[in-house]
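Convention: sequence-line order gives letters A, B, ...; per-chain numbering from 1. Computed from heavy atoms alone, side chains included, the values below leave out hydrogens, waters and symmetry copies.
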Amino acid sequence: MRILFMGSPDFAIPSLSALLDAGENVVGVVTQTDKPKGRGYVLTPPPVKVFAQERGIPVWQPRTLRDEQFDALLKQLDPELIVVVAFGKILPASVLSYPRFGCINVHGSLLPKYRGAAPMQRCLIDGCAETGVTTMFMDEGLDTGDMLLSQAVPIGPDDNFEDIHDSLAAAGADLLIRTVQSLKAGTLVRHKQPEEGVSYAAKIESADCLLDFSWPVQRVHDRIRGLSPFPLAFTRTPDGKLLKAVRSSVYSKDTPTRGPGEIVPSQDGRFLVCCGDGVLELVTVLPEGKGRMPGKDYLRGRKFPEGSRLGAGEQNG
RNA sequence: CGCGGGGUAGAGCAGUUCGGUAGCUCGUCGGGCUCAUAACCCGGAGGUCAUGUGGUUCAAAUCCCAUCCCCGCAA
């Protein structure tokens with residue numbers, strides 16, 4: 001079966017890798033164009049491009065899928081199946097309808113929950129105990145296609161975005177292989193997505209990253225882990241500097257006597273902050289202009305006066 | 001040449017504005033106190049202050065010049 005793979009970030013690599021390892025005939029990879037990234041705007045290729053080239057798979061980076069050029073490419077490659085994993089662009093009907101066996105997508109949630117751009121982050125932020133991956137036949141809607149297979153993955157109390165990202169990427173790759181095999185065997189069954197339980201996971205914006213210490217501790221902790229290690233939840237120090245939270249832990253759920261955001265003195269140097277209904281420990285932080293460091297080390301150098309408060313008096317920066 | 005922060009003992013920082021041979025909080029090593037301790041007390045080791053064998057100066061971590069490296073933002 002001639003398979004065309006479409007994907008861009010790290011998340012898609014295990015899936016592509018699994019297809020190749022399974023001996024599938026991947027005729028090509030379509031990925032996003034190289035983009036200026038990082039300090040100095042260095043033109044950077046998408047991870048999938050790098051991986052594909054290492055494996056000797058031809059790569060295309062069309063600016064758009066909606067022109068004759070791409071139509072011609074489709075004809076030339078003549079895929080019987082298109083596999084899409086975190087590609088980052090909407091596929092037009094002309095592409096969706098091309099392959100005989102359709103377009104299969106691997107999505108990082110248990111559909112119909114968390115359709116959309118940031119399912120893993122939103123799920124963690126919401127404090128879910130479980131998530132998963134789902135394969136589906138794509139249609140023109142946003143993650144609304146008929147479901148094929150799914151695999152649940154438990155979420156540990158301290159798992160962060162990176163943990164879930166990695167385990168879902170692996171689970172997704174595994175599920176993809178099973179889906180493709182089932183497709184070839186003719187045993188694949190498609191299910192319409194239920195109307196009940198639909199939810200959307202909107203793209204993460206910087207407003208989503210601002211911490212509010214009047215929230216319950218658990219909620220603050222969930223927010224931090226859902227956004228770690230990227231893009232990272234943040235607050236402001238009393239002097240208006242950015243302080244990002246890389247790793248945290250629920251320190252106590254005793255009702256605090258101090259106000260939200262207030263730094264709690266601790267004998268053993270831990271970085272403790274009051275939340276709505278308890279105390280959170282900031283285990284690893286990232287100060288503006290610095291690298292990440294243990295909360296203890298950060299406090300050692302900063303020496304906040306008694307009663308200092310995080311996130312208060314937002315000084316517009 | 002996108003914007004900005006920074007390179008000072010193992011760690012996090014101060015000191016640089018107003019040049020005068022290095023300090024804080026920890027860690028570490030040794031000793032003491034204690035039923036005990038992440039507590040306390042005493043003492044010690046550990047730094048060519050990123051690099052240039054650069055410039056200015058009687059004197060530079062501190063001023064000037066060049067280079068290397070790290071990081072945050074943004075994308």
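Of the residues in residues 41-51 of chain A, Tyr41(A) come within less than 4.0 Å of RNA chain B through at least one heavy atom, sorted by number.
For G12(B), the paired nucleotide is C24(B), the pair qualifying as Watson-Crick or G-U wobble because both relevant distances are below 3.5 Å. Nucleotide A38(B): unpaired (no Watson-Crick or G-U wobble partner with both distances less than 3.5 Å). C3(B): Watson-Crick or G-U partner is G72(B), with both key distances under 3.5 Å. Here G19(B) sits opposite no nucleotide as a Watson-Crick or G-U wobble pair (both hydrogen-bonding atom distances under 3.5 Å).
Contact check on Lys75(A) versus Asp71(A) returns no salt bridge, with no Lys/Arg side-chain nitrogen under 4.0 Å from an Asp/Glu carboxylate oxygen. One finds a salt bridge joining Arg190(A) and Asp146(A) here, because a Lys/Arg side-chain nitrogen approaches an Asp/Glu carboxylate oxygen to under 4.0 Å. Using a 4.0 Å cut-off between charged side-chain N and carboxylate O, Arg302(A) and Asp297(A) make no salt bridge. A salt bridge is defined here as a Lys NZ or Arg NE, NH1 or NH2 lying under 4.0 Å from an Asp or Glu carboxylate O, and Glu288(A) with Lys241(A) fails to meet this definition.
If you measure from atom NZ of Lys296(A) to atom C1' of G12(B), you get 13 Å, rounded to the nearest angstrom. Following rounding to the nearest Å, Phe271(A) (CZ) and C26(B) (C1') show an atom-to-atom distance of 16 Å. Taking atom CD of residue Glu281(A) and atom C1' of nucleotide A38(B), one finds them 13 Å apart after rounding to whole Å. One can place CG of Asp297(A) at 15 Å from C1' of C24(B), the figure rounded to the nearest angstrom. Nucleotide C13(B) holds its P atom 11 Å from the NZ atom of Lys303(A), rounded to whole Å. Atom CZ of Arg270(A) is separated from atom P of A11(B) by 22 Å (rounded to the nearest Å). Across the protein-nucleic acid pair, Arg302(A) atom CZ and C13(B) atom P stand 10 Å apart, rounded to whole Å. For the pair Lys241(A) NZ and C13(B) C1', the interatomic distance rounds to 13 Å; values are reported in whole Å.
Remark: side-chain polar atoms of Thr134(A) are paired, donor with acceptor, to backbone N or O of Leu111(A) under 3.5 angstrom. Between the side chain of Arg122(A) and the backbone N or O of Ala202(A), at least one donor-acceptor pair lies under 3.5 Å. Of the possible polar contacts, none joining the Asp143(A) side chain to the His107(A) backbone as a donor-acceptor pair under 3.5 Å is found. Panel note: side chain Asp21(A), backbone Ala18(A); no donor-acceptor pair is recorded below 3.5 Å. Here the side chain of Asp126(A) pairs no donor or acceptor atom with the backbone of Cys128(A) at under 3.5 angstrom.
Using P as the reference atom, G44(B) and U37(B) are 24 Å apart when rounded to the nearest Å. Separating the C1' atom of C26(B) from that of C40(B) is a span of 16 Å, rounded to the nearest Å. On the C1' atoms, C70(B) is 23 Å away from G27(B), given to the nearest whole Å. Nucleotides C13(B) and U57(B), compared at atom P, are 36 Å apart to the nearest Å. With P as the reference atom, U48(B) and A36(B) are 40 Å apart, rounded to whole Å. Taking the C1' atoms as reference points, C63(B) lies 26 Å from C24(B), given to the whole Å. With both ends at atom P, the span from U21(B) to A59(B) equals 15 Å, rounded to whole Å. A22(B) sits 8 Å from C49(B) when the C1' atoms are compared, rounded to a whole Å.
Each of Leu299(A) and Phe230(A) was matched to the nucleotide of RNA chain B holding its nearest heavy atom; the match closer to the 5' end belongs to Leu299(A).
Among the atoms of the strands shown, base atoms are found under 4.0 Å from some heavy atom of Asp268(A).
Each of Thr31(A), Asp34(A), Thr44(A) was checked for a side-chain hydrogen bond (donor to acceptor under 3.5 Å, both in side chains) with Lys49(A), and the lone residue meeting it is Asp34(A).
Between Tyr298(A) and Phe271(A), a ring centre-to-centre spacing shorter than 6.0 Å is recorded.
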Legend entry - Contact pattern, 5' to 3', of nucleotides 66-73 of chain B - B, S or - by protein heavy atom under 4.0 Å: -----BBB
